Amino acid sequence: MSREKTLFDYVDAKEYKYVHICKACGHPQFTKTNQFKESCKNCAESTEYEVVPFYNPAEDYALDADYYAITMMYALWKQGVHKNQVVYDDFYRKPPFVRGVGDYRGELGGYVAFGGLDHFIGILSNLYFNESDITYLRQQPENFDEEFLKDLQSLRFSGDLYAVEEGNLVFPNTPCLRIEAPVWECIWIEAMLLNTINSESLLLTKGSRLVTVTGGDVLLEMGKRRAQGRDSSVNGAKMAYIAGFDATSNVKAGKNFDIPITGTMAHVYIMFHASEYESFKSYAHTFPQKVILLLDTTDTLESGLPNAIRIARDMEARGQKLMAVRLDSGDLAYLSKKVRKRLDEEGLEYVKISATNDLDEATIASLKQQGAKIDIWGVGTKFITAYDNPALGGVHKIVARSPFENEMDSHGGEYKQDDWISLIKISESIEKVLNPGRKKVYRLYDQNHMAKGDYICLEHESLEGRDELILKHPSNPLKSKIIRNFTYEELHKKIFENGQLIYEKPSLPELREFHQVSKATFWEEYLRLEVPEVYPVALSDELRELKEKMIDDKNLDREVK
């Protein structure tokens, strides 16, 4: 389904910044400046106008930032170093939703399904300060220079963006994105990047786990009313579909992304009618091709089920079939088995059983273990809110910069224009010490194209001609893994070059398929819900030596001081 065109397809809000509205007839005139002296082109009687900023509210991104981003941008602008090039990595340190069993205290694995790239591409492609933004900043007590505000008006993302493709699996400390751009741009986009990538990766991961545990059963996303805001509900439904869900109840998501939508009845429909049977009957006559009856409004086994069987008989007499019944409360394992038994006894083996009611992957796994006879799972609150782990701790960190003007290297020579200076952040927590420098990531596969580990190395390094690698644990020198006879691929794809989108964005069905194909390259031990195996992620020897040297140098500096 193609997107319907809007006004903003014809009038570029980055170019035409104002609307002059005729006071006589209300006709709008789009202009590039706030000056317009001509007669109205509609009524030709007036030169009196109301002037308002023109921008697309759906692409109003520039102030989706923490205020310290704006103040740091200003401070760098005042120093004249705001356009110095830097390298940023975006990664996470701890996978979500992972749990141990019993007294297990060992290292836990886990993964993140990388999501939000398509959304973030849209943000970067439409990122600019509109006139309303500039007016707002001008009113702040920091009293920003007018020249700074003028520079903001022309500011666009101008850098290079490399990213793991959406739907692929990523592991702790592996950069999901690498950005090379002027420093003030990297600071500007931090909050909107993390807000988008963290939230959508979290939900894609949750959805992926649910698809794993349901094992091919029909899976429906039903979280609209419990989501934390409209945008999160719409984009969450999108992530559910990429993860492998079959449909959503969210109509806006269905329209925006061409996702199959589904919906039956709530308790209010049954309670409104004179009787449960009458409500079932009227619904079956209205939607004969898709009848799912809710059984638990009065009494699941003594009222809802007998009335549903009666409706099924009525429908058969008309040459139709009842699609399913739904359980929304009570002991779902017990009730589903009772309902299945009775339906089968009545010759209604074709009627499916759907279940809802605060389901998540742990509950579904338990119900399956108990032998529940459920064919269709509707998941809402605990998916859309990522209930048991509601935030992904992804971070946006500087790891290299270009030299300042006339800056000297450690040997007393002047840096070259295309040199990069690696940066490192030291912390008393080992897991928070950054991996410095411009890096890339290789994924290693065995001869059956099953993933064996990720190899993080410096940008100039290559695996060409290598037939053996030792993957060393990032913090435990006693743990290592030898990889032989491997194939490999570079995970990062170039998305933007000099601010221009060069990546051909996949369609939503293609993203959905890519996620399933990528997921299938990992052994189930890495994907299991409880005590997952730790997937190997290792630094190259050269990167490890650089990191250790920079830590030693930092420690020496502190001792000298």
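Predicted, not measured: the structure shown is a model, and the values here were computed from it. For the numbers below, each heavy atom of this structure counts, side chains included, while hydrogens, waters and symmetry mates do not.
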Note to self: Quick check for you: to the nearest 0.5 Å, what is the distance between Leu202 atom CG and Met239 atom CE?
What the structure shows: 11.5 Å
Notebook entry, point to check: Any chance CD of Glu349 has more than 12 other-residue heavy atoms, nucleotides or ligands included, within less than 6.0 Å?
Noted result: yes
Notebook entry, point to check: Would you say Lys481 has more than 12 foreign heavy atoms packed within less than 6.0 Å of its NZ?
Noted result: yes
Check: Under the side-chain contact (heavy atoms from CB on, under 4.5 Å) test, which residues partner Glu513, sequence neighbours left out?
Finding: Val517
Notebook entry, point to check: About how many Å separate CG of Leu293 and OG of Ser354, when rounded to the nearest 0.5 Å?
Noted result: 11.0 Å
For a quick test of your reading: what N or O donor-acceptor pairs under 3.5 Å do the side chains of residues 216-223 make, sequence neighbours left out?
residue: Asp217; atom: OD2; partner: Lys368; partner atom: NZ; Å: 2.8
residue: Asp217; atom: OD2; partner: Trp377; partner atom: NE1; Å: 2.9
residue: Glu221; atom: OE1; partner: Thr248; partner atom: OG1; Å: 2.5
residue: Glu221; atom: OE2; partner: Gly223; partner atom: N; Å: 2.6

Next item on the list: Please check if the distance between the ring centroids of Phe257 and Tyr241 is under 6.0 Å.
Entry: no
Check: Within a reach of under 6.0 Å around CZ of Arg226, are more than 12 heavy atoms found that belong to other residues, nucleotides or ligands?
Finding: no
Margin query: Would Phe157 and Phe496 count as a ring pair (Phe, Tyr, Trp, His ring centres under 6.0 Å) here? Give the steps.
Written below: CA-CA 9 Å; Phe157 178 71; Phe496 282 85; 5.8 Å; yes
Notebook entry, point to check: Would Asp314 and Lys281 count as a salt bridge (charged side-chain N to carboxylate O under 4.0 Å, His left out) if you check the C-alpha gap in whole Å, the side-chain angles of each, and the deciding distance to 0.1 Å?
Noted result: CA-CA 9 Å; Asp314 294 345; Lys281 181 180 177 182; over 6 Å; no
Next item on the list: Using distance alone, with no hydrogens and no angle criterion, decide if Glu185 and Tyr88 have a side-chain donor and acceptor under 3.5 Å apart.
Entry: no
Check: Going by distance alone, is a donor N or O of one side chain under 3.5 Å from an acceptor N or O of the other, for Ser329 and Asn357?
Finding: no
Item checked: Flag for Lys338-Thr300: side-chain donor and acceptor within less than 3.5 Å -> no
Next item on the list: Any chance you could measure Arg443, atom CZ, to Leu491, atom CG, to the nearest 0.5 Å?
Entry: 4.5 Å
Next item on the list: Find the distance between CD1 (Ile309) and CZ (Arg342) and round it off to the nearest 0.5 Å.
Entry: 4.0 Å
Note to self: Applying salt bridge (Lys or Arg N to Asp or Glu O under 4.0 Å) as the test, list every pair that has at least one member in residues 297-307; sequence neighbours left out.
What the structure shows: none
Next item on the list: Before giving the answer on ring pair (Phe, Tyr, Trp, His ring centres under 6.0 Å), spell out for Phe114 and Tyr92 the whole-Å C-alpha distance, their side-chain angles and the decisive distance to 0.1 Å.
Entry: CA-CA 11 Å; Phe114 180 60; Tyr92 71 95; 9.9 Å; no
Checklist line | Member of Lys252, Arg225, Gln228, Lys224 meeting the side-chain hydrogen bond (donor to acceptor under 3.5 Å, both in side chains) criterion with Ser233 | finding: Lys224
Next item on the list: Give every residue pair that meets the ring-ring contact (aromatic ring centres under 6.0 Å, His included) criterion with at least one member in residues 516-538, sequence neighbours excluded.
Entry: Phe171-Phe522, Phe171-Tyr535, Phe522-Tyr535, Tyr526-Tyr535
Item checked: Under 3.5 Å: donor-acceptor pair, side chain of Asp454, backbone of Val537 -> no
Note to self: Tell me every residue that passes side-chain contact (heavy atoms from CB on, under 4.5 Å) with Asn389, counting only those two or more places apart in sequence or in another chain.
What the structure shows: Pro96, Phe97
Next item on the list: Run the salt-bridge test on Glu346 and Arg313 with the 4.0 Å N-O cut-off and return the result as yes or no.
Entry: yes
Notebook entry, point to check: Tell me, do Asp375 and Arg340 make a side-chain contact under 4.5 Å, heavy atoms counted?
Noted result: yes
Next item on the list: Specify whether Trp188 and Phe129 have parallel, tilted or perpendicular ring planes, treating 30° as the upper limit for parallel and 60° as the lower limit for perpendicular.
Entry: parallel
Note to self: According to ring pair (Phe, Tyr, Trp, His ring centres under 6.0 Å), who are the partners of Tyr283, at least two apart in sequence or on a separate chain?
What the structure shows: Tyr269, Phe287
Note to self: My understanding is that only residues two or more places apart in sequence, or in another chain, count here; which of them pass ring pair (Phe, Tyr, Trp, His ring centres under 6.0 Å) with His119?
What the structure shows: none
Next item on the list: State whether the number of non-hydrogen atoms from other residues, nucleotides or ligands found under 6.0 Å of Gln447 atom CD is greater than 12.
Entry: yes
Next item on the list: Sequence neighbours left out, what passes salt bridge (Lys or Arg N to Asp or Glu O under 4.0 Å) with Asp296? Give chain and number order.
Entry: none
Check: If you round to the nearest 0.5 Å, how far is CD1 of Ile502 from NZ of Lys493?
Finding: 12.0 Å
Next item on the list: Kindly check if the number of other-residue, nucleotide or ligand heavy atoms within 6.0 Å of NZ (Lys321) is above 12?
Entry: no
Next item on the list: For Ala520, enumerate each residue passing the side-chain contact (heavy atoms from CB on, under 4.5 Å) test, keeping only those at least two apart in sequence or located in another chain.
Entry: none
Notebook entry, point to check: Does NZ or CZ of Lys452 come closer than 6.0 Å to the centre of the six-membered ring of Phe486, within 45° of the ring's axis?
Noted result: no
Notebook entry, point to check: So, His396 side chain and Ile189 main chain: donor-acceptor pair closer than 3.5 Å or not?
Noted result: no
Next item on the list: State the CD1-CG distance between Ile123 and Leu193, to the nearest 0.5 angstrom.
Entry: 8.0 Å
Notebook entry, point to check: Between Ser275 and Glu278, is any side-chain donor less than 3.5 angstrom from a side-chain acceptor?
Noted result: no
Check: So do the side chains of Ser132 and Tyr55 get within less than 4.5 Å of each other, counting heavy atoms only?
Finding: yes
Next item on the list: List in chain and number order the residues that pass side chain to side chain donor-acceptor pair (under 3.5 Å) with Asn130, two or more places apart in sequence or in another chain; answer none if no residue qualifies.
Entry: Asp60, Asp133
Check: How would you list, by chain and number, every residue that makes a side-chain contact (heavy atoms from CB on, under 4.5 Å) with Glu59, sequence neighbours excluded?
Finding: Asn56, Tyr61, Asn126
Next item on the list: Give a yes or no on this: more than 12 heavy atoms of other residues, nucleotides or ligands lie within 6.0 Å of atom OH of Tyr67.
Entry: yes
Next item on the list: Return each pair, listed once, that meets salt bridge (Lys or Arg N to Asp or Glu O under 4.0 Å) where at least one residue sits in residues 192-212; pairs must be two or more places apart or across chains.
Entry: Lys206-Glu361, Lys206-Asp388, Arg209-Glu361
Margin query: Can you confirm whether more than 12 heavy atoms, excluding those of Met450, are under 6.0 Å from its CE atom?
Written below: yes
Check: Is a side-chain donor or acceptor of Arg93 paired with a backbone partner of Val395 at a separation under 3.5 angstrom?
Finding: no
Notebook entry, point to check: Just checking, any donor-acceptor pair under 3.5 angstrom between side chains of Tyr442 and Lys440?
Noted result: yes
Margin query: Quick check with a 6.0 Å cut-off and a 45 degree axis cone: is Arg310 positioned over the face of Tyr277's six-membered ring?
Written below: yes
Next item on the list: Check the surroundings of atom NZ in Lys373: do more than 12 heavy atoms from other residues, nucleotides or ligands lie under 6.0 Å from it?
Entry: no
Next item on the list: Just do the salt bridge (charged side-chain N to carboxylate O under 4.0 Å, His left out) check on Glu524 and Arg528 with the steps written out, would you?
Entry: CA-CA 6 Å; Glu524 62 182 19; Arg528 62 190 176 211; over 6 Å; no
Check: With distance as the sole test, does Ser336 use its side chain to make a donor-acceptor pair with the main-chain N or O of Ala333 at under 3.5 Å?
Finding: yes
